[in-house]
2 protein chains.
Amino acid sequence: MAKSSSAVEQRRENRREEILRAAQDLFHRQGYANTSLDDIARAVGIKREGLYYYFPNRPEILIAIIKPLGLQLRDRVREIRESDASPEEKMRLTVENHLMRFENRFADSKITLRDDYFSEADIVLAEMQPIWDDYERLWIEIIEEGQQKAVFDKSLEPRIAHLGILGLCNWAARWYKPGESLPVPDLIDMYNRMVLRSLGAGSE
Amino acid sequence: MAKSSSAVEQRRENRREEILRAAQDLFHRQGYANTSLDDIARAVGIKREGLYYYFPNRPEILIAIIKPLGLQLRDRVREIRESDASPEEKMRLTVENHLMRFENRFADSKITLRDDYFSEADIVLAEMQPIWDDYERLWIEIIEEGQQKAVFDKSLEPRIAHLGILGLCNWAARWYKPGESLPVPDLIDMYNRMVLRSLGAGSE
DNA sequence: CATATTTTTTACGCCAGTGTAAAGAAATGG
DNA sequence: CCATTTCTTTACACTGGCGTAAAAAATATG
């Protein structure tokens with residue numbers, strides 16, 4: 001009987017999820033740095049040491065929360081990049097991809113995009129960096145494609161333009177609060193107008 | 001003889017400066033969170049406890065580094081705001097004001113603009129928040145002025161537009177490294193083109 | 001129901017980082 | 001030179017947070 005049953009696995013998975021939900025909420029409200037394992041355990045209703053049964057350490061909890069979203073962001077931009085859409089449309093979709101999760105995945109979007117962990121957890125960085133590197137590459141390719149097709153301003157250095165636009169989008173993770181100011185679709189719309197103009201698109 | 005001499009004061013000030021330089025370098029290289037008082041003391045060549053003679057605690061060291069720059073940024077934008085320049089020119093100067101210090105005040109610019117301290121030091125936030133609030137207000141006023149004079153796109157929500165542009169500029173504190181990619185004046189130039197276009201200016 | 005497995009709690013130990021006070025050393029001023 | 005002031009070091013104490021292992025409790029299984 002070394003093989004545990006489906007029911008036991010389900011129970012384990014439920015607890016893992018419970019821990020991740022609690023951690024996500026806490027990371028969101030008080031930051032990763034200010035969230036201890038004791039905080040998480042208390043929120044779940046177990047003792048701190050019990051968390052080690054499910055996760056090896058605190059950084060791994062963070063990874064379990066942010067990596068899926070990072071992968072989604074990247075994979076979606078890859079699809080966009082490989083599509084037949086025009087460069088403008090691609091950029092539009094890419095910005096939308098970045099910001100749309102603020103609507104119903106606000107907490108993990110915020111945690112992921114703020115990347116506060118950069119100074120704290122080398123293993124988290126090691127895990128996320130390849131994803132963000134891919135992500136960057138894809139954005140740059142979209143910009144380059146637009147420049148090649150004389151749709152975006154050719155005088156812009158593609159990587160630096162990307163980083164500027166990424167900054168514009170990521171900064172929202174700092175200030176955006178659901179229910180205040182603009183609904184997400186309007187935010188996307190407005191930022192897409194700004195972004196496309198900044199790239200010199202739609203200069204009619 | 002309760003009044004110490006100029007020479008004693010000078011000595012004290014020298015040591016304080018020495019500490020701030022060392023701290024700035026460390027904060028820059030490894031982040032505020034990863035810099036202990038021991039690290040700073042070692043870099044200066046004294047014992048950790050000695051630092052308490054000059055500064056009450058670590059957050060106050062950070063404040064001593066970043067507050068002057070925050071005030072400069074704000075005060076300069078206030079001048080710009082109150083000038084007779086056109087809205088476009090004001091925005092140009094404002095972006096320049098934000099980015100120009102990457103040239104010869106890279107370390108403290110980077111530390112200041114990255115605002116990593118937000119999750120760690122309430123007293124730092126308390127000290128800086130009023131400055132950033134003023135700063136934001138001034139940016140927004142410049143945008144509103146441009147919209148009123150039909151130079152910037154009136155459909156943009158001013159604060160959100162400001163936050164997007166701020167994000168674009170601030171993000172540079174994460175990725176910009178002197179000597180790599182663009183020299184600062186070229187970076188300013190390029191970002192100003194992007195920013196002004198994003199606001200709908202210069203749509204000729 | 002007894003046994004095996006899983007989960008949770010208890011019990012420790014460690015340490016990095018901090019802050020305080022007193023003692024000692026160095027600098028200053030008359 | 002000596003008393004005073006300033007600066008640095010020594011000496012402690014504390015605490016938050018973490019990780020490990022064993023014991024106890026809960027659950028699953030035949």
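Chain letters run A, B, ... following the sequence lines, proteins first and then strands; every chain starts at 1. Bear in mind the structure is a predicted one, so any value in this text is a computation, not a measurement.
Between B/I40 atom CD1 and C/dG17 atom P the separation is 11 Å, expressed in whole Å. Computed from coordinates, the A/L51 CG to C/dT9 C1' distance equals 12 Å when rounded to whole Å. In this entry the distance linking CZ of A/F55 with P of C/dT8 reads 13 Å, nearest Å.
Side-chain N/O atoms of A/D39 and A/S36 include a donor and acceptor closer than 3.5 Å. Side-chain atoms of A/D153 and A/S155 include a donor-acceptor pair closer than 3.5 Å. In summary, the side chains of A/E18 and A/N14 do not present any donor paired with an acceptor at a separation below 3.5 Å, with no hydrogens or angles considered.
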Quiz item: Just by protein heavy atoms under 4.0 Å, how would nucleotides 15-22 of chain D read 5' to 3' in B, S and -?
Solution: --SBBB--

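Regarding contacts with the backbone of C/dT7, a side-chain N or O of A/Y53 is found under 4.0 angstrom from either OP1 or OP2.
Contacts with DNA chain D (heavy atom under 4.0 Å) in residues 12-28 of chain A: none are found.
A/E60 and A/K67 are not joined by a salt bridge, as no carboxylate oxygen comes within less than 4.0 angstrom of a charged side-chain nitrogen. Between B/R92 and B/E88 there is no salt bridge, since no side-chain nitrogen of the basic residue lies less than 4.0 Å from a carboxylate oxygen of the acidic one.
The minimum heavy-atom distance linking B/Y191 with B/L168 is given by the pair CD2-CD2, 3.5 Å. Of all non-hydrogen atoms in A/E103 and A/P185, the two that sit nearest each other are OE2-CD, 3.6 Å.
The 5' end of DNA chain C is approached more closely, in terms of each residue's nearest nucleotide, by A/R11 than by the other of B/R11 and A/R11.
Considering B/L37, B/I123, B/L62 in turn, B/I123 is the only one that fulfils the side chain to side chain contact (heavy atoms under 4.5 Å, CB included) rule with B/N57.
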